[in-house]
Participant: 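Let me begin by handing over the structure; questions about it come next.
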Amino acid sequence: MALRIWASSTANALRLSSATGPHFSPLSRSFSSVLDGLKYANSHEWVKHEGHVATIGITHHAQDHLGEVVFVELPEAGGSVTKDTSFGAVESVKATSDINSPISGEIVEVNSKLSSTPGLINSSPYEHGWMIKVKPSNPKELEHLMGAKQYTKFCEEEDAAH
Amino acid sequence: MATRQVARAGLPLMNIVRMKGVPILQQLEVEECLLRTSSENWCIINDGTDKPNIVMGISGKPAELVEISPVLEDKIPVIRRFTGGGTVIVDHGTIFVSFICNKDDVADVQPYPRPIMSWSSLLYSQVFQGVTNFRLRENDYVFGHRKFGGNAQSITKNRWIHHTSFLWDYEARNMSYLRLPKRAPEYRLARDHLDFICPMKDYLSRSEFITRTIDAAESHFSVESTEFEAVKPPSNMKFTPTSRLLTNQELEAAGNTSI
């Protein structure tokens, strides 16, 4: 598997992230776009659980495979999400692709910047490209998600199979 | 996980639905319903739609893509569809082909836009083999440097649709309803629409194209014919399609928007 090269904007975003919040570090040389400390779904969304709120977005792997994101469709705050069910979509390269929630809960905040700057999902998938913040209704669902090492292996196996 | 239906020679089953003249909005509603609620593979072929319609992608803005005044004056319907991609004007000269697949039944194709597009181009390379210089160029099907087929997709967790509108023939005057989009393929080179597109009728008859497409599908799937009436969503089905007709009020508001 070829080494993934950090986009400079993503690297800068991570340095900013570690200065302002919990420290996240690249995990491995072969998949340095996976962050330790997050949880991951097999549909390539990530979850950052801090206190009573979980932030959700799509991974570097997903944005890389999707291509340039030109449009994002997100729900409104106050609605709810259900584990493994679509809550929105991104448009890239003539395709709409569902975004699936890794957990269930109430949407407490939506990233309004994505309507004017959908490319944040490509340039900063783990920070400025976050999509929704959710109050988890069943925190145990987080236990069934992958950790960074497991997700890295999952991505490698998925890419190798095609 | 969808149940895999396997028939001839271990190939996954695909239902072929052939239609003629079905309204494009109805076709889109059926396709989205099959994508979201069915666990089977489908190939929908609509040989021409009943009347001219403008069809935009999910993020399409009419003010940018459509000549609002003539569209309103001539009462041309404008639809926003559930898939991504650009804007087309379709009519009786358009042939629609849509593939709705379980990702596990096309297992060598990653469920992302570019691999699916590449898979489709290989299938259509079979269709046009020996006919002329067909290729996928950026995200369009072209003969040489002229586009004759536009593509769009929608990808869910376990399934995807790749659908194409083929310009078997078209009326030049209808193209004047469309504006040059902001996001145009590089190979278009700012050409006027009529210099950018070409009709398929110069190369294949309608029936031959459809036959060749089904033959190409048979190299990937075990195909069975299904009647259109059998795939129409029942009235009691709890599914709301997202493709919709824009209202005159929406178009007028777009026409008043300064770009």
Side-chain angles (χ1 to χ4, degrees), chain A residues 1 40-45 56 58-75 79 81-104 114-119 121-122 125 145 154-162, chain B residues 1 28 31-32 35-36 56-61 64 80-88 103-104 106-121 136 138-141 147 149-165 181-185 242-243:
Chain A
M1 174 64 65
Y40 298 88
N42 60 9
S43 49
H44 302 286
E45 292 85 11
I56 295 169
I58 66 169
T59 65
H60 173 85
H61 179 272
Q63 67 80 27
D64 186 49
H65 282 62
L66 285 170
E68 182 192 358
V69 176
V70 298
F71 176 73
V72 185
E73 194 172 64
L74 292 174
V81 291
T82 305
K83 178 179 163 61
D84 293 335
T85 302
S86 170
F87 66 83
V90 296
E91 183 186 2
S92 66
V93 197
K94 307 244 177 185
T96 58
S97 298
D98 279 1
I99 314 157
N100 301 290
S101 185
I103 58 172
S104 308
L114 294 182
S115 60
S116 58
T117 320
I121 290 172
N122 296 115
L145 298 174
F154 175 77
C155 290
E156 287 172 348
E157 289 173 352
E158 194 176 76
D159 281 349
H162 295 92
Chain B
M1 175 73 75
L28 290 167
E31 287 181 356
E32 192 179 6
L35 175 70
R36 297 259 175 213
M56 303 186 302
I58 189 172
S59 62
K61 297 185 176 68
E64 296 175 5
R80 182 178 283 123
R81 66 179 184 265
F82 68 102
T83 53
T87 306
V88 292
K103 66 172 188 178
D104 291 340
V106 198
D108 55 345
V109 177
Q110 277 197 309
Y112 291 106
R114 286 173 291 212
I116 296 170
M117 191 78 73
S118 179
W119 173 86
S120 76
S121 73
L136 175 69
E138 294 183 47
N139 300 302
D140 298 334
Y141 296 143
K147 175 180 177 179
N151 297 297
Q153 301 165 345
S154 183
I155 303 167
T156 68
K157 190 171 183 196
N158 295 310
R159 290 165 65 72
W160 49 260
I161 178 172
H162 177 98
H163 61 190
T164 310
S165 57
K182 280 183 186 175
R183 280 197 307 269
T242 56
S243 298

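These numbers come from a predicted model, not from an experiment. All chains are named by letter (A, B, ...) in the order of the sequence lines, taking the proteins before the strands, and each is independently numbered beginning at 1.
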Participant: If I measure from the heavy atoms of chain A, does B:R81 come under 4.5 Å with its side chain, its backbone, both, or neither?
Facilitator: neither
Participant: Fit a plane to each ring of A:H61 and A:H44, take the angle between them on a 0 to 90° scale, and name the class: parallel (under 30°), tilted (30 to 60°) or perpendicular (over 60°).
Facilitator: parallel
Participant: What option among B:E138, B:R183, B:M117 has the most heavy-atom pairs under 4.5 Å with chain A?
Facilitator: B:R183
Participant: With only heavy atoms counted, which part of A:E73 is less than 4.5 Å from chain B, the side chain, the backbone, both or neither?
Facilitator: side chain
Participant: First locate atom CG of A:D98, then atom OG of B:S154, and finally report the distance between them rounded to the nearest 0.5 Å.
Facilitator: 6.0 Å
Participant: Look at A:N42, A:I99, A:N100 and state which one has the largest set of heavy-atom pairs under 4.5 Å with chain B.
Facilitator: A:N100
Participant: Take atom NZ of B:K157 as the centre, draw a 6.0 Å sphere, and report whether it contains more than 12 heavy atoms from other residues, nucleotides or ligands.
Facilitator: yes
Participant: Apply ring pair (Phe, Tyr, Trp, His ring centres under 6.0 Å) to B:Y141 and list each qualifying residue two or more places apart in sequence or on a separate chain.
Facilitator: B:Y124, B:F134, B:F166
